[in-house]
Amino acid sequence: MNRKVRVRFAPSPTGPLHIGGVRTALYNYLFARQHGGDMLLRIEDTDSARFVPGAEEYIVEALQWLGIEIDEGIGAKNTGKHAPYRQSERKDIYKKYVNQLLEAGLAYIAFDTPAELDMKRGKTANFQYDATTRNGMLNSLTLSDAEVKKRLEAGENYVVRIKIEPNLEICVNDLIRGEVVINSSVLDDKVLYKSVDELPTYHLANVVDDYLMEVTHVIRGEEWLPSAPLHVLLYRYLGWESFMPQFAHLPLLLKPDGNGKLSKRDGDRLGFPVFPLDWEDPNTEVISSGYREAGYFPEAMVNFLALLGWNPGNEQEIFSMQELINLFSLDRVSKSGAKFDYEKGKWFNHKYLQMKSNEDLADIFQHVLVDKDIIEDSEKVIKVVALIKERADFVTDLWEQGFFFFQAPTSFDEKTVSKRWKENTPAQMNELIEKLQQIDDFSAANQEKIVIQWIEEKGYGMGAVMNAFRLALVGAAKGPHLFDITEIIGKQETIARIKRAVSVLAQE
RNA sequence: GGCCGAUUCGUCUAUCGGUUAGGACGCCAGAUUUUCAUUCUGGAAAGAGGGGUUCGAUUCCCCUAUCGGCUACCA
């Protein structure tokens with residue numbers, strides 16, 4: 001059977017999209033594009049209690065920012081022929097298959113309340129609702145038809161459970177891990193449907209939808225591996241085994257330190273975002289920071305994430321989305337979890353920042369300047385960016401690295417002052433002012449020639465003069481080539497800054 | 001506890017039985033530099049342990065250990 005490749009990303013709208021989810025979406029997308037297939041976005045909102053308003057919009061916006069395009073479903077240009085793509089809007093569809101399973105005797109109705117089940121679990125260690133226990137519970141297998149009917153008519157809440165046949169070897173053929181075999185006896189009679197909200201659970205919904213939506217490959221996180229056999233069984237029970245998608249369970253993204261799945265708390269604790277975009281919790285109004293707002297380029301994010309769990313087998317590190325699409329393959333996805341290395345993420349952003357043209361970077365940097373009420377013509381900003389970009393990881397770093405191109409230092413670094421500002425410095429600086437005063441061609445090269453010549457003639461220490469000069473201009477012992485700075489800020493400003501340093505530092 | 005999965009430098013990883021176990025991030029040192037940074041060069045740094053299979057195992061198998069995931073009327 002040769003079907004068109006169709007994959008889906010199916011998050012639940014319970015909050016902002018987690019970075020691990022982003023990677024899952026990315027891998028699905030790369031796989032779809034490489035095979036000329038379709039990428040669907042489906043919203044798995046079968047838990048009405050956990051629905052968070054705004055989460056769906058967030059997911060769509062995040063994927064858009066990253067350049068992960070949706071061909072069908074939520075957020076797609078064309079709605080698609082399998083609409084709706086929100087599971088809460090597909091109630092009738094699921095109901096039909098629930099009934100089919102019920103009629104075939106492959107599922108049954110159970111009336112045990114959550115409280116009763118809790119009690120059972122408290123009493124019996126390792127209690128599992130399955131072939132060994134279902135006969136002692138309140139369900140359509142133990143109750144008479146009349147009793148079941150009576151309860152149903154009375155409007156009593158119930159769930160539908162799958163009736164797992166015990167002692168069956170179930171094989172899941174995973175594209176990343178190979179064959180995973182488990183015995184059906186360790187599976188419990190999972191709830192497929194709950195009458196309270198007339199919604200199925202994930203297990204039933206994802207199988208039904210993947211079948212109906214003609215999904216060919218299910219690429220999802222490793223946390224789903226244990227329930228994959230259940231899904232296989234469901235395909236079998238529904239008579240769709242020959243249309244069953246292929247599975248690929250991705251390794252998890254782990255905390256950078258210690259162990260465990262990467263969580264929101266880790267980001268807060270270690271000071272980096274775990275979400276693509278800023279997110280404000282609608283209830284608590286607490287804001288969680290996102291990569292976009294932290295200054296990351298989406299291309300860098302994609303590159304970084306792509307390599308967390310996959311590599312092409314050579315030593316290339318930088319990939320465009322198109323290259324990733326060409327190179328990606330599921331059999332080069334690693335099996336073990338990857339610790340999230342924020343430092344490496346920064347390095348990727350640094351690389352992408354270096355690849356940007358000075359013009360593009362200047363345009364972005366202008367926003368930072370405007371926020372600080374600094375209005376500069378783009379010609380100057382481009383020149384500044386060219387001088388300082390290689391020292392920056394983020395666009396915001398550009399300010400830190402080059403604020404002195406736009407405003408005089410407001411303070412002078414103490415350490416540098418005590419090290420570089422000596423007794424005879426003010427006199428030298430005054431001489432320097434006079435020297436600069438006489439220069440007409442204020443280009444860096446010409447200034448440098450004249451100033452150095454002057455220093456040598458006078459027999460001053462090169463380091464002594466230049467470092468004090470820098471301190472006056474920048475306020476600290478940092479920054480690019482000194483005469484590049486003076487050329488850009490100009491003669492007048494240069495002299496003003498030296499004068500100011502002489503007067504301010506004299507008072508100390 | 002049970003089930004499933006995983007295990008190469010601190011981190012991400014390459015190696016598909018024979019390698020001085022390679023690269024990248026980070027770290028350290030040196031060079032360059034009037035400062036800081038960049039850049040360049042160099043360096044330290046790894047096959048969890050134990051059994052097999054084999055002429056030969058990081059690589060294949062088993063056991064143990066460790067880590068992770070799952071074990072809900074959550075996804």
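Letters A, B, ... mirror the listed sequences (proteins, then strands); counts begin at 1.
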Of B/rC12, B/rU7, B/rU35, the nucleotide closest to the side chain of A/Arg420 is B/rU35

A/Tyr342 vs A/Tyr291 aromatic rings, parallel, tilted or perpendicular, using cut-offs 30° and 60°? tilted

Report the nucleotide, chosen from B/rU11, B/rU38, B/rA75, that has the shortest atom-to-atom distance to any side-chain atom of A/Thr201. B/rA75

Starting the side chain at C-beta, find the nucleotide from B/rA72, B/rC36, B/rC25 nearest to A/Arg121. B/rA72

So if I take every side-chain heavy atom of A/Glu315 and compare against B/rU71, B/rG22, B/rG26, which nucleotide ends up nearest? B/rG22

Centroid separation under 6.0 Å, is that true for the rings of A/Tyr94 and A/Tyr193? no

Give a yes or no answer on whether the side chain of A/Asn349 reaches the backbone of A/Asp393 with a donor-acceptor pair at less than 3.5 Å. yes

Between A/Asp112 and A/Asn126, just flag the one whose closest nucleotide in RNA chain B comes earlier from the 5' side. A/Asn126

Rounded distance (Å) that lies between atom P of B/rC12 and atom NZ of A/Lys255: 15 Å

Atom-pair distance (CG on A/Leu233; C1' on B/rC4), nearest Å: 16 Å

Nearest whole Å is fine: how far is B/rU35 P from A/Leu387 CG? 17 Å

For B/rC36, does the base pair up with any side-chain atom of A/Arg470 as donor and acceptor (N or O, under 3.5 Å, distance only)? no

Of the candidates B/rG69, B/rU11, B/rG26, the side chain of A/Glu223 sits closest to B/rG69

Taking atom C1' of B/rC12 as reference, at what distance in whole Å does atom CD of A/Gln316 sit? 16 Å

How far, in whole Å, is B/rC67 from B/rC61 if one measures between their P atoms? 24 Å

Pairing check on B/rA46: which nucleotide meets the Watson-Crick or G-U wobble criteria with it, both distances under 3.5 Å? none

Taking OP1 and OP2 of B/rU34, is either one under 4.0 Å from a side-chain nitrogen or oxygen of A/Asn467? no

Using the P atom as the point on both nucleotides, what is the distance between B/rC4 and B/rG51, in whole Å? 26 Å

Minimum-distance nucleotide to A/Glu44 side chain [options: B/rC4, B/rU13, B/rA75]: B/rA75

Quick one: look up who B/rA21 pairs with, Watson-Crick or G-U, both distances under 3.5 Å, and put none if it's unpaired. none

Considering only atom P, compute the distance from B/rC9 to B/rU58 and round it to an integer number of Å. 14 Å

According to a strict under-4.0 Å criterion, is A/Arg332 in side-chain N/O contact with OP1 or OP2 of B/rU15? yes

B/rA29 pairs with, by Watson-Crick or G-U criteria that keep both distances under 3.5 Å: B/rU41

Between B/rA45 and B/rG10, how far apart are the P atoms? Round to whole Å, please. 10 Å

In whole Å, I'd like the distance from the OH atom of A/Tyr342 to the C1' atom of B/rC12. 17 Å

Side-chain contact check for A/Asp341: nearest option of B/rA75, B/rU7, B/rG10 is B/rG10

Anything under 30° is parallel, anything over 60° is perpendicular, the rest tilted; go ahead and classify A/His203 against A/Trp224. perpendicular

Parallel, tilted or perpendicular: which describes the rings of A/Trp399 and A/Phe406, with under 30° parallel and over 60° perpendicular? parallel

Could you say whether A/Phe127 or A/Pro251 is positioned toward the 5' end of RNA chain B, judged by the nucleotide with the nearest heavy atom to each? A/Pro251

Hey, is the side chain of A/Arg177 poking within less than 4.0 Å of OP1 or OP2 on B/rG69, counting only N and O atoms? no

Closest to the side chain of A/Ser12, out of B/rA75, B/rG22, B/rC73, is B/rA75

Assign A/Val191 to base, sugar-phosphate, or nothing according to its heavy-atom contacts below 4.0 angstrom with the strands shown. sugar-phosphate

Between the side chain of A/Asp174 and the main-chain N/O of A/Glu179, is any donor-acceptor distance below 3.5 Å? no

Would you say B/rA75 has OP1 or OP2 under 4.0 Å from some side-chain N or O of A/Thr46? yes

Nearest-angstrom distance from the residue atom CG of A/Leu250 to C1' of B/rG69: 14 Å

Which of B/rG5, B/rA75, B/rC73 is nearest the side chain of A/Val180? It is B/rG5

Between B/rG22 and B/rG47, how far apart are the C1' atoms? Round to whole Å, please. 14 Å

Send over the distance from A/Leu305 CG to B/rU13 P, rounded to a whole Å. 12 Å

Can you classify the ring geometry of A/Trp310 versus A/Phe319 as parallel (below 30°), tilted (30 to 60°) or perpendicular (above 60°)? perpendicular

Using purine N1 to pyrimidine N3 plus N6-O4 or O6-N4 for Watson-Crick, or N1-O2 and O6-N3 for G-U wobble, both under 3.5 Å, which nucleotide pairs with B/rC70? B/rG2

B/rU34 - base-pair partner by Watson-Crick or wobble geometry, distances under 3.5 Å: none

In whole Å, measure the gap between the P atoms of B/rG18 and B/rU59 for me. 11 Å

Does A/Lys344 have a side-chain nitrogen or oxygen under 4.0 Å from the phosphate oxygens OP1 or OP2 of B/rU13? no

For B/rA57 and B/rU19, measure between their P atoms and round to the nearest Å. 11 Å

For A/Lys346, report the nucleic acid contact type (base, sugar-phosphate, nothing); a contact means any heavy atom under 4.0 Å. nothing

Given the ring of A/Phe111, does A/Arg151 sit roughly above its face, with NZ or CZ under 6.0 Å from the centre of the six-membered ring and within 45° of the axis? yes

Determine the Euclidean distance between corresponding P atoms of B/rU13 and B/rA48; express it in Å to zero decimal places. 15 Å

Choose from B/rU34, B/rA6, B/rA75 the nucleotide whose nearest atom is closest to any side-chain atom of A/Phe483. B/rU34

Between the base of B/rU33 and the side chain of A/His481, is there any donor-acceptor pair under 3.5 Å? no

Is there a Watson-Crick or G-U wobble partner for B/rA65 with both distances under 3.5 Å, and which nucleotide is it? B/rU7

Looking at A/Thr14, does any N or O in its side chain come under 4.0 Å of the phosphate oxygens OP1/OP2 on B/rA75? no

With a non-hydrogen cut-off below 4.0 angstrom, is A/Gly309 in contact with a base, only sugar-phosphate, or nothing? sugar-phosphate

Is it true that a side-chain atom of A/Arg121 and a backbone atom of A/Phe127 form a donor plus acceptor pair closer than 3.5 Å? no

Classify the nucleic acid contact of A/Pro480 as base, sugar-phosphate or nothing, counting any heavy atom under 4.0 Å across all strands shown. base

Whether A/Phe483 and A/Phe469 hold their rings parallel, tilted or perpendicular, with breakpoints at 30° and 60°: perpendicular

Would you say A/Arg161 places a side-chain N or O within less than 4.0 Å of OP1 or OP2 belonging to B/rC73? yes

Write down the distance between CZ (A/Phe348) and P (B/rA24), rounded to a whole number of angstrom. 12 Å

